[in-house]
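The structure appears below as structure tokens.
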There are 2 protein chains.
Amino acid sequence: MSINFVPNNIPERTIERLSEYRRTLLDCLDKGITHLYSHTLAGIHGITAVQVRRDLMLIGFSSDTKRGYDARVLVEFIGDILDDRNVMNIGVVGMGNIGQAVTGYFTGKRSKLKITAAFDIDPEKVNRTIAGVPCYHFDEFQEKVRKHNIKIILLSSPTSVATTFVEPIIKAGIRGVLNFTSKPLNFPEGIYVEDYDIITLLEKVAYFVKECEALKRK
Amino acid sequence: MSINFVPNNIPERTIERLSEYRRTLLDCLDKGITHLYSHTLAGIHGITAVQVRRDLMLIGFSSDTKRGYDARVLVEFIGDILDDRNVMNIGVVGMGNIGQAVTGYFTGKRSKLKITAAFDIDPEKVNRTIAGVPCYHFDEFQEKVRKHNIKIILLSSPTSVATTFVEPIIKAGIRGVLNFTSKPLNFPEGIYVEDYDIITLLEKVAYFVKECEALKRK
């Protein structure tokens with residue numbers, strides 16, 4: 001992961017957890033659960049209640065009801081922190097399996113984030129609607145980013161060509177990149193990049209499994 | 001992310017970076033680059049040279065050559081830390097778009113990690129070879145995990161049914177889970193779980209983009 005700027009003092013991990021809390025709270029509301037204790041929320045996420053309370057204190061949320069946090073109020077509170085007032089538009093570069101999976105998976109899940117365009121060079125994909133999103137030829141990237149007011153790029157091209165998109169992304173005025181390729185990408189300050197590499201995480205899981213087995217043999 | 005145990009004192013983030021360094025080093029070796037300075041490696045990954053040196057010190061690697069780290073030696077050194085002596089087998093539960101994308105993407109990328117079986121309930125997928133891997137009915141899960149000596153599960157089922165796989169995964173003796181669904185899952189101590197949720201990361205990118213734009217308006 002690479003951070004080029006830290007715009008305020010909420011830690012990255014807290015931001016991730018706020019997003020996760022919100023998803024859990026929405027899930028609970030769906031099931032008719034309106035209040036949750038910090039230790040309940042903590043248990044669902046495999047962390048301590050102290051961590052949950054610390055995260056919520058950081059964003060200035062407190063609750064003194066005996067029934068725990070009011071889920072609906074907390075969802076709105078987290079929304080005020082995480083979401084922009086306006087919808088933020090996202091473009092997908094590379095509509096292979098991963099690009100399509102993510103687009104299909106994401107569509108309709110969040111009202112304030114919207115995948116509005118996709119880009120590829122495959123004639124089978126260009127000028128078609130894929131997973132509910134229009135797919136344009138990458139030659140039209142600059143123009144369509146402007147037209148759709150796209151701020152974030154989800155990069156799911158083959159790793160071998162990942163670096164060729166860095167310049168066009170900078171030139172188009174993109175502010176954030178979620179990088180699904182296995183190539184770490186360098187962007188100038190002011191563009192937030194999140195690397196989301198599957199091999200790294202799988203290697204990490206394998207490492208902890210190996211270490212645990214070694215401990216058991218001792 | 002949830003960690004149920006920490007088997008030694010190498011931080012999680014260092015493990016992630018070691019995996020990333022290795023990929024970069026292999027990439028450099030492919031291009032005929034045999035030596036790298038810590039600041040070169042740092043630049044590629046958007047971190048400081050101090051961080052790189054600290055990570056390598058933690059695993060006991062030092063280099064006193066004037067040409068920087070010997071890429072080949074460092075790759076082997078990292079391999080001794082990360083990899084098991086034997087191949088570790090992985091099973092995929094849910095062969096939808098994401099399961100297929102990850103399987104196709106991963107196959108052949110690492111010699112010590114191997115996706116050897118997939119599971120689904122869709123008659124169109126069961127008993128076929130998909131992305132190079134045999135896909136079995138989930139009814140055969142316990143038997144095939146044993147037969148293929150599978151240690152790690154990559155869970156890419158629909159989120160709505162994610163929790164139904166927890167019990168079978170525990171019962172089958174699985175040691176590590178990479179969870180691609182949006183549902184945090186609770187496993188007992190001794191099973192390492194890594195949550196890999198796309199919505200969380202996209203929300204995080206959007207948050208930092210929003211904050212940066214707000215700063216610029218000030």
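Order of the sequence lines sets the chain letters (A, B, ...), proteins ahead of strands, with each chain counted from 1.
Ring geometry, A:F208 versus B:Y192: the interplanar angle falls under 30°, so the pair is classed parallel (tilted spans 30 to 60°).
For chain A, the nearby part of B:D27 is the side chain; its heavy atoms alone come within less than 4.5 Å. Contacts between A:D84 and chain B at a heavy-atom distance below 4.5 Å involve backbone atoms as well as side-chain atoms. Proximity to chain B is limited to the side chain of A:I90, based on heavy atoms less than 4.5 angstrom apart. In this structure, the portion of A:K183 lying under 4.5 Å from any heavy atom of chain B is its side chain and not its backbone. The contact between A:R22 and chain B is made entirely by side chain atoms (from C-beta outward), counting heavy-atom distances below 4.5 Å. In this structure, chain B has a heavy atom under 4.5 Å from the backbone of A:D83, while its side chain stays farther away. Looking at A:I152, the atoms closer than 4.5 Å to chain B (heavy atoms on both sides) all sit in the side chain, from C-beta outward. The contact between A:T181 and chain B is made entirely by backbone atoms, counting heavy-atom distances below 4.5 Å.
Between A:M95 and A:C135, the shortest heavy-atom contact is CG-SG, 4.2 Å. Here the closest non-hydrogen pair linking B:Y207 and A:I10 is OH-CD1, 3.6 Å.
Most heavy-atom pairs under 4.5 Å with chain A, from the set B:I98, B:I44, B:T24: that is B:I44. Of the listed residues (B:G176, B:A206, B:G96), the one with the most heavy-atom contacts under 4.5 Å to chain A is B:A206. Between chain A and the residues B:N186, B:L178, B:L202, the largest count of heavy-atom pairs under 4.5 Å involves B:L202.
Residues A:F165 and A:F141 are not in side-chain contact: their nearest non-hydrogen atoms beyond the backbone lie 4.5 Å or more apart. In this structure, the side chains of A:R17 and A:H45 stay at 4.5 Å or more apart for every pair of heavy atoms.
Put simply, the side chain of A:S157 never gets that close to the backbone of A:V93: no donor and acceptor are under 3.5 Å apart.
A salt bridge links B:R13 to B:E16: one of the charged nitrogens lies within less than 4.0 Å of a carboxylate oxygen.
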Working note: A:V102 + A:F180, criterion side chain to side chain contact (heavy atoms under 4.5 Å, CB included); need CA distance, chi angles, decisive distance, verdict. CA-CA 10 Å; A:V102 172; A:F180 279 87; 3.9 Å; yes
